[in-house]
Amino acid sequence: MAEKVYDFLEIEHKWADAWEASGDALYSAEENSAKPKYYVLEMLPYPSGALHIGHIKNYAIGDALARYMWMRGFNVLHPMGWDAFGLPAENAAIANQRPPREWTLNNIAKMKRTYRRFAFSFDWTREVTTCEPDYYRWNQWFFLKMLERGIAYRKKALVNWCPLCCTVLANEQVVDGCCWRHETTPVEQRALEQWFLRTTKYADQLLDDMRQLEGNWPERVLTMQRNWIGRSAGTEVDFAICGDSRNIRVFTTRIDTIYGATCLILAPEHSLVAELLDSTAQARAKAMVDARAAGGPGDFEKEGFATGLEARNPFSGELLPVWIGNFVLTGYGTGAIMAVPAHDQRDFEFCVKYGLPVRAVISATGEGALEHLETALEIDGFVENSGPYSGLSSEEARRRMTHRAQNEGFGAASITFRLKDWGISRQRYWGTPIPVIHCPVDGIVPVPEAELPVLLPADVRMTGEGQSPLVTAPEFVNVKCPVCGGPARRETDTMDTFVDSSWYFYRYCDPKNGSAPFDSKKIAYWFPIDQYIGGVEHAILHLIYSRFWTKMMRDLGLTQNDEPVRKLFTQGMVIRDGAKMSKSRGNVIGADDVAEEYGADASRMFVLFAGPPEKESDWTKSGIEGIARFLGRVYRFATRNAVSTGTGAADDAVQRKLHQTLKKITEDFESRWHFNTSIAALMELLNELHAHESAISQAAMKETLRALTLMMAPFAPYLAQELWTGQGFAGPVFKQPWPQYDADRARETGAEIVLQVNGKLRGRLTVPHGTPEQELKARAAEHDKIAPLLSGKTIVKVIVVVDRLVNFVVK
RNA sequence: GCCCGGGUGGCGAAAUCGGCAGACGCAAAGGACUUAAAAUCCUUUUUCGCGGAAGCGGAGUGUGGGUUCAAGUCCCACCCCGGGCACCA
């Protein structure tokens, strides 16, 4: 039969239209299925208006997996939605005088066309758009539930303010002291009344449940989360201030070193500064705070000053001077430390600088040999010069000292976390309204559940100035108090958009539910997510918030699972000329453009072929041209061999190659996900077919092409479908059973034995599989390349590995 | 500074359990087809030495050591690149 030209645009558009016409059922998950379920999810995008090649890589991985799992007979849930609230819509609205909603929905429509153009197998019947009231009302509902339980609360606190976003940011959204969206804009500290979610209540669980994730989440994501949560166990101890009834409470993990404390240091923001110090000292502390804020991230010189106060060490009875130090953090522990310069490097630097004494109280051996220290000795060892505790191990001393502090009422064991509560108030319009009302009589009153959703008003003037634009919408702000009926003000801050993405994947399981966020029975079937795929940049943002939200929902009785995601995969970026793609560099590769130029199949296949998916892949024009060439070769080969007249002489060899390929690709899907080698194997198979083209019988040709087509389906769905239909088969190719490999048929007939002398390759020998050791040894010894090298030498040893090699060790 | 990754041809990479280093692709060079070009197909391509050639020999996976019959793979030390954490008491 005549070979056909591979017109990818014609083929891809033809099937895109056909699939579009067949409706949404094609990729719909089954609701009541006897099949095992498989929930595969890619992180939902922000609807910026255009997909780029980095998105394509994310979805190409997930889509290959979804299609493979379908072919393996699973009931696959593969949904997609829109993280549709957020600042860009608002900024665009300010720029073009069009409402954020219109801009957002337009972008969604555009991007959805691109998704369809790429034939990603999303179940659009479950689409979730977070800016729609039928979604965000449940954000509000959850908020009310959390408010009832004290998980949501309001407090005045120093918060991170991004002057470009004109809003507050959570700690997780501050990177190196700068805004996560404006990497060169330092955040400012402002004291504001804000809504918080008590993530710290779950700090222990967030940490401990990581054990369930080990092995299935990338180790570095777990490490980042562990660092972020930052649990440390220690003791809080009170030091009585001389001449005052108050105490200074410090937190330490090394109470065993307390006899070595030579001063106390308070954070400059510590409450005692205002309570006990004169105005000069207060001004110095204030200057320190300001200097620190202005300095930005990075190293800074330790500075401090003595307050003139003294406090008593409750163990030694010694009086210690009280200092203020710029390196003591107000937000961690108690905001005050005992400085033990001999055993803490930071304290060491501070005390040496200000001439405070350094006194060693820990030795490595316990033999009382305390040397003069050039640097802090930060080890566990044996306590010395510590009154009744001298001679104890550090661990034992910590136990006894903590015990005594507790008994005598001047301290307690304490666990401190670096993790802080999640500040969710945003002074912006385009987000979920926080459903509370401020009443001058009744204070903060939750909006009654029956009145949800609190709708975002449509006509609001975007200002981009410090306050939420909602402040300027009187019909929104002015309400009656639900309790007393008197005039009251509605809360005008909106929620952080990370709230939206904290539970969207639950909504996919029951997207139309009007009476609850979801039906718990449906969650019980689909959850946890079997495979989540996204970028590593969300390691301590989205991925920690989602874990918190899941635990919170479980405690509301809505779900059973402790964790939302069983397996996490973080794909590497697509880079270009060694650099990250970004708008500012102008080197972004648009998805629509590559689909037009090379085809959707070639584009997605290329990003998978460029390297293992967890690593960065380099975008090159010649690289994608190579893949496009390969697809063309497959198409032409298949069409010209629809009827073949081959002799059959190569049937065995082709069969073997086919089963080797099936084995390879099946194993790649089941374990490593190194799709670059899967695609290489497909290329090898085609090269083999090509080399023996006229020697393959009609039957073998048909069987091989059929299997090749099925193996192409997860990577190049358009071409696979076209070939499948062209071979006379009906139905969607990715709903066919995945072809099984036969290990016997994959095996080579003969084994090539490597012959070595003293570990150097000197010859080869082909023998039947499983030829025994003795025979291998004998045949190797008489091999014409080996025999001369053995003559006149003493054979010390012969290593034989059946089916692999013979190595003669000679002298 | 600490904790993870990683370093292999001109380039992206492969080598999954310690057993043929460089699969597959790109780029390059030569050739076939063509009036010509594109497309396609064929050949060569780690490197050095000898050879007209088939071939023969040496070296080679960041550097230096080690274990082993055998090391890209394991161990020790170091260098470089990427990422995370970094006054968290």
Side-chain angles (χ1 to χ4, degrees), chain A residues 3 5-6 175-176 218-228 230-232 234-235 250-255 257 265 267 292 297-302 325-329 331-340 343-347 349-350 378 416-420 536-537 539-540 572 606 609-612 614-627 629-630 632-633 636 664 667-668 671-672 674 676-687 690 752-764 796-801 803-810:
Chain A
E3 144 182 329
V5 174
Y6 175 51
V175 180
D176 286 338
E219 197 47 50
R220 69 177 174 142
V221 172
L222 295 179
T223 305
M224 283 163 77
Q225 291 209 359
R226 256 184 222 112
N227 287 341
W228 187 257
R231 182 190 139 109
S232 61
T235 313
V250 305
F251 172 74
T252 176
T253 55
R254 294 299 307 270
I255 194 172
T257 64
I265 310 175
R292 183 73 194 87
D299 273 354
F300 60 94
E301 178 74 9
K302 287 185 183 52
N326 63 345
F327 70 102
V328 179
L329 303 172
Y332 184 78
T334 60
I337 62 163
M338 61 175 200
V340 184
H343 305 294
D344 182 292
Q345 188 56 31
R346 297 156 301 179
D347 299 347
E349 287 163 20
F350 187 85
E378 293 182 328
T416 297
F417 291 93
R418 214 184 81 119
L419 180 77
K420 305 252 185 50
V536 75
E537 65 274 15
I540 51 170
F606 172 66
F609 182 65
E614 69 276 14
K615 288 181 60 180
E616 286 177 345
S617 30
D618 218 331
W619 175 268
T620 61
K621 196 172 155 62
S622 52
I624 190 170
E625 282 166 357
I627 287 288
R629 239 183 331 257
F630 167 66
R633 271 205 304 271
R636 289 192 307 273
K664 164 85 188 128
E667 286 170 355
D668 275 343
S671 61
R672 288 202 317 164
H674 280 199
N676 53 330
T677 61
S678 305
I679 294 167
L682 289 171
M683 291 172 169
E684 281 188 58
L685 176 59
L686 183 71
N687 291 346
H690 192 89
E752 193 179 47
I753 307 298
V754 172
L755 306 181
Q756 297 178 331
V757 176
N758 287 340
K760 287 203 171 167
L761 175 71
R762 296 296 173 181
R764 297 162 201 279
V796 181
K797 200 171 175 185
V798 185
I799 314 311
V800 182
V801 182
D803 289 348
R804 277 192 192 271
L805 94 166
V806 180
N807 183 13
F808 294 94
V809 185
V810 301

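Lettering of chains follows the sequences in order, A, B, ..., and the numbering in each one begins at 1. Heavy atoms only: backbone and side chains are in, while hydrogens, waters and symmetry mates are out.
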Let's see if you can work this out: which of [options] has an atom nearest to the side-chain heavy atoms of [X]?
X	options	value
A:Ile337	B:rG25, B:rA13, B:rA89	B:rA89
A:Glu625	B:rG25, B:rC41, B:rA27	B:rA27
A:Arg220	B:rC87, B:rG83, B:rA21	B:rG83
A:Pro612	B:rG19, B:rA13, B:rA21	B:rA13
A:Glu752	B:rC20, B:rC69, B:rC87	B:rC20
A:Leu329	B:rC42, B:rC24, B:rC87	B:rC87
A:Met224	B:rA21, B:rG84, B:rC69	B:rG84
A:Lys760	B:rU40, B:rA59, B:rA14	B:rA59
A:Val328	B:rA89, B:rC20, B:rC85	B:rA89

How long is the span from the [atom1] atom in [X] to the [atom2] atom in [Y], to the nearest 0.5 Å?
X	Y	atom1	atom2	answer
A:Ile265	A:Asn326	CD1	CG	9.5 Å
A:Glu349	A:Asp344	CD	CG	9.0 Å
A:Tyr332	A:Lys420	OH	NZ	10.0 Å

What integer distance in Å separates [X]:[atom1] from [N]:[atom2]?
X	N	atom1	atom2	answer
A:Leu419	B:rC85	CG	P	14 Å
A:Ile265	B:rA89	CD1	C1'	10 Å
A:Phe251	B:rC87	CZ	P	16 Å
A:Asp668	B:rA13	CG	C1'	14 Å
A:Arg636	B:rA39	CZ	P	12 Å
A:Asn807	B:rC69	CG	P	10 Å
A:Ile799	B:rG18	CD1	C1'	13 Å
A:Asp344	B:rA86	CG	P	16 Å

field: Position toward the 5' end of RNA chain B (nearest nucleotide), A:Ile679 or A:Thr223
entry: A:Thr223

- request: Between A:Lys302 and A:Phe609, name the one whose nearest nucleotide on RNA chain B is closer to the 5' end.
  value: A:Phe609

Say we look at [N] and [M]: how far apart would their [atom1] atoms be, to the nearest angstrom?
N	M	atom1	result
B:rA39	B:rA27	P	10 Å
B:rC17	B:rG72	P	16 Å
B:rU63	B:rG7	P	13 Å
B:rU16	B:rU73	C1'	11 Å
B:rA71	B:rG62	P	15 Å
B:rA28	B:rU46	C1'	15 Å
B:rG12	B:rC69	P	37 Å
B:rC42	B:rU61	P	34 Å

Is [X] near enough to [N] that one of its side-chain N or O atoms lies under 4.0 angstrom from OP1 or OP2?
X	N	value
A:His343	B:rA89	no
A:Asn676	B:rA14	yes
A:Ser232	B:rA89	yes
A:Arg629	B:rC26	yes
A:Asn687	B:rG25	yes

Assigned partner base of [N], Watson-Crick or wobble definition, under 3.5 Å:
N	result
B:rA37	none
B:rG12	B:rC24
B:rC78	B:rG62
B:rU43	B:rA29
B:rC2	B:rG84
B:rA70	none
B:rG55	B:rC50

- prompt: Does B:rC17 sit syn or anti, given that only angles within 90° of 0 count as syn?
  reply: syn

task: State the syn/anti category of B:rG58 according to its glycosidic angle, syn meaning within 90° of 0.
output: anti

- request: Evaluate the ring planes of A:Phe350 and A:Phe327, with Trp represented by its six-membered ring, and classify them as parallel (under 30°), tilted (30 to 60°) or perpendicular (over 60°).
  value: tilted

Crowding at CZ, A:Arg418 (>12 non-hydrogen neighbours, <6.0 Å): yes

Test side chain to side chain donor-acceptor pair (under 3.5 Å) applied to A:Lys664 - qualifying residues, sequence neighbours left out: A:Asp668, A:Thr677

By the 4.0 Å heavy-atom rule, please label [X] as base, sugar-phosphate, or nothing.
X	answer
A:Arg762	sugar-phosphate
A:Lys664	base
A:Val798	nothing
A:Gln345	nothing
A:Arg633	sugar-phosphate
A:Gly626	sugar-phosphate
A:Glu349	nothing
A:Glu219	nothing

query: Going by number, which of residues 615-623 of chain A have a non-hydrogen atom under 4.0 Å from RNA chain B?
result: A:Ser622

- prompt: When you measure from the side chain of A:Glu378 to the backbone N and O of A:Gln345, does any donor-acceptor pair fall under 3.5 Å?
  reply: yes

query: Are A:Arg629 and A:Glu625 ion-paired here, with the side-chain N under 4.0 Å from a carboxylate O?
result: no

field: Pair A:Glu219 + A:Arg226, salt bridge at N-O below 4.0 Å
entry: yes

- request: Answer with yes or no whether A:Arg804 presents, from its side chain, a donor or acceptor under 3.5 Å of a partner atom in the base of B:rC20.
  value: no

query: Any donor-acceptor pair under 3.5 Å between the side chain of A:Asn227 and the base of B:rC85?
result: no

